[in-house]
Undergrad: 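Questions regarding the structure given below will be posed in turn.
Below, all heavy atoms of this structure are taken into account, side chains as well, without hydrogens, waters or symmetry copies. Along the sequence shown, residues are numbered consecutively beginning with 1.
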Amino acid sequence: RAKWLKLKYDYKEVDLKGKDEGQLRSALEDSDIIYLSGGNVFYLLQEANKCGLKNVLKELLEQGKIYGGGSAGAAITGPTLEPLQTIDDPTKAPELSDYTAFGFVDFIVLPHFDYEKYNKKYQEVLKQYNQFKFQPLNNDQAIFVSGNEVRKV
């Protein structure tokens, strides 16, 4: 937030909790960029599902809006959160019935891949869930997706 303010970006925070699709659409439709931050990825998915965020984002992306996500906000864009059960605590989202994520991309982002506390867990995830496609990201990396182009920087 401090960096955005320093760069003189206008931004507004929108809490997903308690919103419906219409309220969310109204809150986001004038934005050029929609950014979802981190936290527990399962809780984020639970709250996103309650308010229909996936549908709203899909509409806005089709209109040319840009999506950015940090940590959980990046991981939620993949097909499933299933492999992240050992990284984040799924019990923080007691109302989440399954781990199907947004499916905007065909890979699962593994955020904070350079954090020592996740290293062993991520190695186990890569071995146990080898049927999935992963994009590990260090904290100084990002993935840009435009159409079929996927580029890690």
Side-chain angles (χ1 to χ4, degrees), residues 1-5 7 9 11-17 19 24-25 27-28 31-93 95-96 98-153:
R1 292 180 190 120
K3 287 180 183 182
W4 292 339
L5 289 174
L7 294 168
Y9 281 101
Y11 76 92
K12 63 180 169 185
E13 292 185 27
V14 177
D15 190 346
L16 301 179
K17 199 166 189 155
K19 301 270 188 309
L24 200 54
R25 190 176 292 103
L28 298 175
S31 301
D32 296 321
I33 300 170
I34 295 126
Y35 180 85
L36 250 99
S37 59
N40 181 289
V41 71
F42 297 100
Y43 180 77
L44 178 59
L45 182 60
Q46 172 185 280
E47 296 307 308
N49 286 346
K50 284 183 187 178
C51 66
L53 179 62
K54 177 182 174 181
N55 296 334
V56 173
L57 279 178
K58 190 173 181 180
E59 291 172 20
L60 295 174
L61 292 173
E62 288 172 358
Q63 294 172 16
K65 309 290 184 183
I66 297 171
Y67 176 83
S71 191
I76 201 172
T77 62
T80 182
L81 301 182
E82 181 184 349
L84 301 179
Q85 294 176 74
T86 60
I87 308 302
D88 260 348
D89 182 2
T91 65
K92 300 289 183 188
E95 299 170 52
L96 188 62
D98 70 66
Y99 300 142
T100 303
F102 289 176
F104 293 160
V105 293
D106 66 348
F107 53 84
I108 300 167
V109 173
L110 300 178
H112 313 299
F113 202 74
D114 55 347
Y115 271 30
E116 190 174 320
K117 76 177 192 174
Y118 295 132
N119 195 325
K120 186 176 180 180
K121 290 179 181 181
Y122 273 143
Q123 295 313 313
E124 291 171 12
V125 164
L126 291 170
K127 189 183 299 183
Q128 181 180 352
Y129 293 96
N130 60 8
Q131 72 271 31
F132 294 108
K133 185 175 169 184
F134 293 103
Q135 283 284 355
L137 285 182
N138 296 334
N139 283 346
D140 61 349
Q141 295 177 313
I143 295 177
F144 289 93
V145 178
S146 180
N148 292 326
E149 180 188 358
V150 177
R151 186 171 43 107
K152 188 188 292 189
V153 297

Undergrad: Taking atom NZ of K58 as the centre, does the number of heavy atoms from other residues, nucleotides or ligands within less than 6.0 Å exceed 12?
TA: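 Counting other residues, nucleotides and ligands, NZ of K58 stays at 12 neighbours or fewer.
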Undergrad: Please round to the nearest 0.5 Å and tell me the distance separating atom CZ of F102 and atom CG of L61.
TA: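 If I round to the nearest 0.5 Å, the distance is 10.0 Å.
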Undergrad: Please report the shortest heavy-atom distance between C51 and K19, naming the atom on each side.
TA: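 Answer, listing the atom of C51 first, then K19: CB-O, 3.1 Å.
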Undergrad: Could you check whether any side-chain heavy atom of L16 comes within less than 4.5 Å of a side-chain heavy atom of L53, counting everything from C-beta outward?
TA: yes
Undergrad: Just wondering, are more than 12 heavy atoms of other shown residues or ligands nearer than 6.0 Å to OH in Y9?
TA: no
Undergrad: Nearest 0.5 Å, please: how far is CD in E95 from CG in N49?
TA: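 One finds 10.5 Å between CG of N49 and CD of E95.
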Undergrad: Would you say the side chain of K65 lies within less than 4.5 Å of the side chain of Y67, judging by non-hydrogen atoms?
TA: no
Undergrad: Regarding K121 and E124, does a basic nitrogen lie under 4.0 Å from an acidic carboxylate oxygen?
TA: no
Undergrad: Check K152 against Q135 and note the closest heavy-atom contact, atom names and distance.
TA: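 What the structure gives for the nearest pair is CE-OE1, 3.2 Å.
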Undergrad: Side chains of Y122 and Y115: does their closest heavy-atom pair fall under 4.5 Å?
TA: no
Undergrad: Within a strict 4.5 Å, meaning less than it, do heavy atoms of the L110 and Y118 side chains meet?
TA: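 Answer no - side chains too far apart.
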Undergrad: If we ignore hydrogens and angles and just use 3.5 Å, is the side chain of E149 paired with the main-chain N or O of S146 as donor and acceptor?
TA: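 It does not hold such a pair.
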Undergrad: Name the atoms and distances for all side-chain donor-acceptor pairs under 3.5 Å in residues 69-90, with sequence neighbours left out.
TA:
unit_1	atom_1	unit_2	atom_2	d
S71	OG	H112	NE2	2.7
T77	OG1	A74	O	2.7
T80	OG1	E82	N	3.1
T80	OG1	Y99	O	3.2
Q85	NE2	E82	O	2.9
D88	OD2	V41	N	2.8
D89	OD1	T91	N	2.9
D89	OD1	T91	OG1	2.6
D89	OD2	T91	OG1	2.9

Undergrad: Rounded to the nearest 0.5 Å, what separates atom CG in L137 from atom CD1 in I143?
TA: 4.0 Å
Undergrad: Between K54 and F104, what is the shortest heavy-atom contact and its length?
TA: O-CZ, 3.9 Å
Undergrad: Enter the distance from L24:CG to E59:CD here, rounded to the nearest 0.5 Å.
TA: 10.0 Å
Undergrad: Do you know which two heavy atoms are closest between Q46 and L96, and how far apart they sit?
TA: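 For Q46 and L96, the tightest heavy-atom pair comes out as OE1-N, 3.5 Å.
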Undergrad: How many angstroms lie between CD1 in I66 and CG in L60, if you round to the nearest 0.5 Å?
TA: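 Rounded to the nearest 0.5 Å, the CD1-CG separation comes out at 12.0 Å.
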Undergrad: Does any non-hydrogen side-chain atom of E47 lie less than 4.5 Å from one of K50?
TA: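 Side-chain contact under 4.5 Å: yes.
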Undergrad: How close do K17 and D15 get, counting heavy atoms only, and between which atoms?
TA: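 Shortest heavy-atom contact: N-OD1, 3.0 Å.
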Undergrad: Is the NZ atom of K12 crowded by more than 12 outside heavy atoms at less than 6.0 Å?
TA: yes
